[in-house]
**Q** 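Please see the structure below; I have some questions.
The structure displayed is predicted, hence computed values, not measured ones. Order of the sequence lines fixes the chain letters, A, B, ..., with proteins taken first and strands second; residue numbering starts at 1 for each chain.
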2 protein chains.
Amino acid sequence: MPPVTIPPRSGTAFRLAAGEVLIVIDPQGMQVADLIAFNADDIGEALSSGRTLDYQETIRLTTGARLWSNRSRVMLEIVEDSIGLHDFLLTPCSRETFAICYDDHDPHPGCFGNLCAALAPYGVAPDSIGNAFNCFMNVPVDGETGRLKVLPPISKAGDHIAFRAAMDLVIGLTACSARDSNGGSFKPIDYRIEQATDAERQAMIMACLAHG
Amino acid sequence: MPPVTIPPRSGTAFRLAAGEVLIVIDPQGMQVADLIAFNADDIGEALSSGRTLDYQETIRLTTGARLWSNRSRVMLEIVEDSIGLHDFLLTPCSRETFAICYDDHDPHPGCFGNLCAALAPYGVAPDSIGNAFNCFMNVPVDGETGRLKVLPPISKAGDHIAFRAAMDLVIGLTACSARDSNGGSFKPIDYRIEQATDAERQAMIMACLAHG
């Protein structure tokens with residue numbers, strides 16, 4: 001399929017079948033895309049930052065890393081990554097983020113509000129939208145003090161990260177709405193999906209069952 | 001109230017009213033206690049690591065830090081901390097943790113299984129038990145590479161951390177079941193609750209509403 005554009009400060013949701021590859025592209029550079037995932041057959045199973053960080057033993061996830069669910073099953077595998085710097089510590093920005101962190105008086109609904117709206121047709125409740133895999137987001141952590149910062153992404157135009165689905169998924173994806181995470185330049189995000197062959201699809205499902 | 005002992009590799013759940021202070025004590029040293037919290041009046045509102053790390057701008061939470069919910073409201077404030085080294089990145093250990101990380105063939109249900117059992121009477125579903133505030137857990141992060149390790153706690157006998165509730169809560173609390181997190185010495189955890197005066201309780205509720 002050709003790339004789909006997510007306009008600035010908006011979000012979308014779609015199905016991604018086991019074996020398919022989702023490619024998230026930063027078309028202009030220095031933009032963030034929040035990604036969350038749910039088992040399409042049971043949306044109680046969701047992407048889990050805590051399970052993933054524990055099993056992968058790192059907060060810097062890149063090619064080869066697997067992203068795990070709250071039920072300790074593999075949901076996605078990173079199969080390509082042109083940049084290697086993403087965040088999996090933080091939640092999507094929200095109306096409250098802008099009020100608390102930016103003192104905005106008429107705050108934007110943020111990635112959280114956009115994800116709530118996009119995922120509602122799939123039966124995902126707002127309370128189920130937790131920590132996201134924030135593609136291209138630059139959140140350095142000081143190992144000594146623990147302090148973290150939200151800095152502009154280092155991604156250039158065309159940088160991308162690709163995830164292969166290990167099970168049938170519902171994906172939520174945004175073009176981020178927060179000033180700090182993209183240096184104040186709200187930009188679009190592109191994505192495209194590469195179809196899987198029947199053999200690839202079957203292999204992913206078998207691999208997922210073996211981990212389950 | 002006198003301290004209550006949580007036996008090794010077990011967990012419990014209880015109510016903590018707004019204004020009350022929960023003191024979690026490591027009675028022998030080098031043990032971890034996983035803590036999770038839910039709004040007692042609506043268990044869809046839960047402790048959120050991502051919201052907390054974002055608003056507090058650190059992964060090392062200690063005295064003065066507030067722990068936030070998935071709805072961006074303050075649930076707990078750390079009011080005393082004799083050690084200053086805890087984890088808020090990881091999920092409670094589980095049957096799957098022991099199978100995946102330790103290759104155990106007859107795995108223990110872990111803190112996750114213990115929390116599921118303890119919280120079931122309060123209507124908390126297993127899928128709602130996510131990243132925990134892991135008292136005394138020693139998880140250094142390398143700021144350069146992102147690699148994390150699970151090392152034995154540095155807590156000595158009697159070290160403690162105290163949390164004041166900002167709303168009426170249901171708390172889940174464990175004496176951790178994972179070898180790596182306590183250096184292979186499974187030990188108990190003690191806790192006690194200090195009652196709040198009517199004025200303290202009212203002040204916490206008003207402060208919570210102001211943040212909401």
**Q** Just checking, is any N or O donor in the side chain of D54(A) or T91(B) under 3.5 Å from an acceptor N or O on the other one?
**A** no
**Q** Taking all atoms of both residues into account, what is the closest heavy-atom pair of P92(B) and R51(A), and its distance?
**A**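 Of all heavy-atom pairs spanning P92(B) and R51(A), the closest is O-NH1, 2.8 Å.
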**Q** Under 4.5 Å from any heavy atom of chain A, what part of F112(B) do you find: side chain, backbone, both or neither?
**A**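 The side chain, not the backbone.
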**Q** Nearest 0.5 Å please: distance from the CG atom of L148(A) over to the CZ atom of R60(B).
**A**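 CZ of R60(B) is found 11.0 Å from CG of L148(A).
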**Q** So for T145(A), is it side chain, backbone, both, or neither that comes closer than 4.5 Å to the heavy atoms of chain B?
**A** backbone
**Q** Just so I understand: if I count every heavy-atom pair under 4.5 Å between each of G130(A), P126(A), S94(A) and chain B, which residue has the most?
**A**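 Option with the top pair count is S94(A).
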**Q** So what's closer than 4.5 Å to chain B heavy atoms on Q56(A): side chain, backbone, both or neither?
**A** backbone
**Q** Which atoms of E45(B) are under 4.5 Å from chain A, going by heavy atoms: the side chain, the backbone, both sets, or neither?
**A**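 The backbone, not the side chain.
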**Q** Using 0.5 Å steps for rounding, measure from the OG1 atom of T52(A) to the CG atom of L89(B).
**A**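 It is 12.0 Å, given to the nearest 0.5 Å.
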**Q** Please report the interatomic distance OG(S69(B)) to CG(D127(A)), rounded to the nearest 0.5 Å.
**A** 8.5 Å
**Q** Mind listing the closest non-hydrogen atom pair of R147(A) and T58(B) along with its distance?
**A**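 Closest pair (atom of R147(A), atom of T58(B), distance): N-OG1, 3.7 Å.
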**Q** Atom CG in N131(A), atom CG in L53(B): separation rounded to 0.5 Å?
**A**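 Result: 8.0 Å between the selected atoms.
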